[in-house]
Amino acid sequence: MDYEKLAELIFPDIKGTVEDLEQRFPERDLPAEAKVTRFAPSPTGYMHIGGLYAAMISRKLARQSGGVFYLRIEDTDKKREVEDGVSEIINALKKFGLEFDEGPFAGGETVYAPYKQSERKEIYQICVKALMKKGLAYPCFETAEELDAIRKRQEEAKVDIGYYGEYAAARNLTYEEIEANIKAGMPYVVRLKSPGTPGQYIRYTDPIRGNIDMPENIMDVVLLKSDGIPTYHFAHAVDDHFMRTNLVIRGDEWLASYPLHKQLFELCGFEPPEYVHISPIMKAEGNGKRKLSKRKDPEAAVGFYLEEGYPSESVLEYLMTIANSNYEEWHAAHPDKAMDDFVLSLSKMPVSGALFDMIKLNDVSKEMISSFTTEQCYEKILVWAKEYNQKLYQFAAARKDDFIKTIELWKMAGSKARKDVAKWSDLTEMFGYLYVPEGELELDYEIDEKYSSSQMAEIIREYQKDMFLDSDNWFGQMKEMGEKLGYCPNVKEYKKHPEGFRGSITDVCTVVRVAVTGKKNSPDLFTIMSVIGKDRTEARLKRFLEQIQE
Ligand code: GLU
């Protein structure tokens, strides 16, 4: 077979050469240790938390080595693509502060562009044409039914399933047969003619998993589909070579493809990058664990964390503790340092599935939020609420001073710092009495059984006369009011002589607290009332009275 002639028959319009591409996409001028990494999602609009994890690790390894982290869109599968899928991914990563050095966005285009596979068709075809000229690729006209028949034969013979060796009939087509098929308009794919030997093993050394022996690739995989678009495997080899990636960090579902990828690089004459296969993020279930599933687990989607209002810093820090278990120790030893100062080590990454624990994330996030200043919280809440909670946003934007007071309330800056809030949606969940508009506020009163309705009503009626909101000694006034009703103003004294009183100042405050907030426990009650204002406080007292008298 004259392979030159075959290549011209199949690719008459492709004039460029691999050498041209080598010049067009020169090696990067970077120090030897610099890592060029990438995030290569398909534009399905859905981003899995595992994708964020991989992106964070890839970016970190590039950054800490003075390299480059870029975004490549793997849009060769048009069926799975959704509108705005690309911008959704870029926006999600931006919200987590994971910006790219290069990619398909304004300011991100460099000599290595285009960064979308759908715009690189000619580049792939140049490379396939070069393989065909070397007799390493051929057109295959087999129909789905014919491929099915091959599969059946293989199943019966109990041999490997696939298009290879003696089963790859299209390997033996003559030039004339191919030409006739093409003239007849028969659709075809272009396959690799794999030089792999059955039973031959190759050794792969993964920085996380160590040595793995795997059978060499023997399959004549599809390089170009019938529309001339490459398969993922081939596009990966071409793109990572010409974008000069030297470290590929990807999910371990790709581990089994390593022998094929290695072979593709070698046959194309490209130096393979270093590969790292990271374990998936798992969820505990029963006594075991399983992969976080897009279908079953809302927390599998990155959008979940954004909607719930987890600060991006919390999610990234938690993912970092999963990536390197020594991160926590480092963080405790260097509380003033930023996560960017931590050196991530591949050898310390988990080998089997990394467990994602929501409780742990919440703890990390509570710590994180408590380390933010009030002003930082305000800014972050504003950004979150603008997108996910309009009513909270309106309050925060229109009444900044009051809003700041609410933050100080639950942070309790100055005295004992509280660590209640893990995510911004907790604000309306836990402190609805501060944040939910009056008409929509449902107060589920936590009434202590030790108080009778008439006793509570008496306290509230008395309190309604003057709520002391203008006083600079609210608590003193409350004590006086309580004393008039027979409640001891001094808790210690009350404990010594409970028989002499109806209760203590604590009981008086608890009843008012429940009336105003619905809860037995809350941050400083006076501040809560100052923030919600006189009218709303009065309305709540009235509502409470109606409730307990029903
Ligand atoms: N587009 C592939 C995916 O979404 C990327 C795999 C890789 O990083 O090489 O799974």
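Just so you know, ligand 1 is whichever comes first in the structure, and atom 1 is the first atom listed for that ligand. For the numbers below, each heavy atom of this structure counts, side chains included, while hydrogens, waters and symmetry mates do not.
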Taking the six-membered ring of Tyr112, is the NZ or CZ of Arg28 close enough (under 6.0 Å from the centre) and on axis enough (within 45°)?
-> yes
Sequence neighbours left out, what passes ring pair (Phe, Tyr, Trp, His ring centres under 6.0 Å) with His48? Give chain and number order.
-> none
In sequence, state the C-alpha distance, the side-chain angles, and the governing distance for His236 and Tyr275, and then conclude on ring pair (Phe, Tyr, Trp, His ring centres under 6.0 Å).
-> CA-CA 12 Å; His236 152 56; Tyr275 287 90; 5.7 Å; yes
Hey, does the Lys NZ or Arg CZ of Lys337 hover above the aromatic six-ring of Phe342, less than 6.0 Å from the centre and inside 45° of the axis?
-> no
Cationic tip of Arg191 above Tyr163 ring, under 6.0 Å, 45° of axis = yes
Could you please provide the protein residues found below 4.0 Å of ligand 1 on a heavy-atom basis, arranged by chain and number?
-> Arg38, Ala40, Ser42, Glu74, Tyr232, Arg250, Trp254
Under 30°, 30 to 60°, or over 60°: which ring-plane class applies to Tyr305 and Tyr310, parallel, tilted or perpendicular?
-> tilted
